[in-house]
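Beneath this line is the structure, given in structure tokens, with notes to follow.
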Amino acid sequence: MELHRLRTEALTKEAFAPFGDVIQVAEAKSHFTINQGWAERYHDLATIDVLDDGGRPILGIVRAEPRPLPLRLRIMERHPRGSQAFVPLQPCSFLVVVALPGEAPAREDFRCFRTVPGQGVNYARGVWHHPLIALERSTDFLVMDRGGAGANCDEAFYDNQQIWLEN
Ligand SMILES: NC(=O)N[C@@H](O)C(=O)O
Ligand code: NI
């Protein structure tokens, strides 16, 4: 079985644009001062697309255990009815593996990004992604995605392939 190693890219707004949004202060299209000058609001950072078919936005916290590297990738998933955003609640780096919406992706179409502290991501509706990959320590992530009726998680399996993420 041929081994396929994924290379890791830095997460930037431009590179991630086909897959969704980068959530971070530096990428804010607009920001403005609020609260009598005591705070700055970095505004409208991601397209939250969760109202399909009577859906509603839900906000949760996911406590993700660190995944040892190198990591063998065996599954990708997508949420056909809505976007999904993850923002770490403490400064950390994590890995984001994505592929464009459509049929189950070939491993050659996987893209892997490493975040830096201060970055979160919002997967656009239907974007394939690996379940959260926390590194180093147990990490809490704020998650915002779609609540409501209807199946909203398709999975694709790669157990018959050797797809590895090394750093
Ligand atoms: N389901 C959930 O909360 N998380 C996954 O969808 C994921 O992308 O990690
Ligand atoms: Ni997901």
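Counting starts at 1 for both ligands and their atoms, following the listed order. Values reported hereafter were calculated over all heavy atoms of this structure, with side chains retained and with hydrogens, waters and symmetry mates removed.
Among the atoms of C153, none of the N, O or S atoms falls under 2.8 Å from the Ni ion (ligand 2). For E77, the nearest N, O or S atom to the Ni ion (ligand 2) falls under 2.8 Å. Not a single N/O/S atom of Y123, whether from backbone or side chain, sits less than 2.8 Å from the Ni ion (ligand 2).
Side-chain rings of H79 and Y123 stay apart, their centers remaining 6.0 Å or farther from each other. Residues F94 and F141 bring their aromatic ring centres within 6.0 Å.
For Q84 and H129, the side-chain atoms include at least one donor-acceptor pair closer than 3.5 Å.
In the candidate list H79, M76, Q84, Q84 is nearest to atom 4 (N) of ligand 1, counting heavy atoms.
For atom 9 (O) of ligand 1, the closest non-hydrogen atom on the protein side is L132 N, 3.1 Å. The shortest contact between atom 7 (C) of ligand 1 and any protein heavy atom is with E77 OE2, 3.2 Å.
Salt-bridge annotation for R107 and E2: present, with a side-chain N of the basic residue lying under 4.0 Å from a carboxylate O of the acidic one. Between D21 and K13 there is no salt bridge, since no side-chain nitrogen of the basic residue lies less than 4.0 Å from a carboxylate oxygen of the acidic one.
At least one donor-acceptor pair under 3.5 Å links the side chain of R146 to the backbone N or O of A149.
Listed by number with element, the atoms of ligand 1 under 4.0 angstrom from any heavy atom of H129 are 8 (O).
Rounding to 10 degrees gives 100° for the angle at the Ni ion (ligand 2) between OE1 of Q84 and NE2 of H129.
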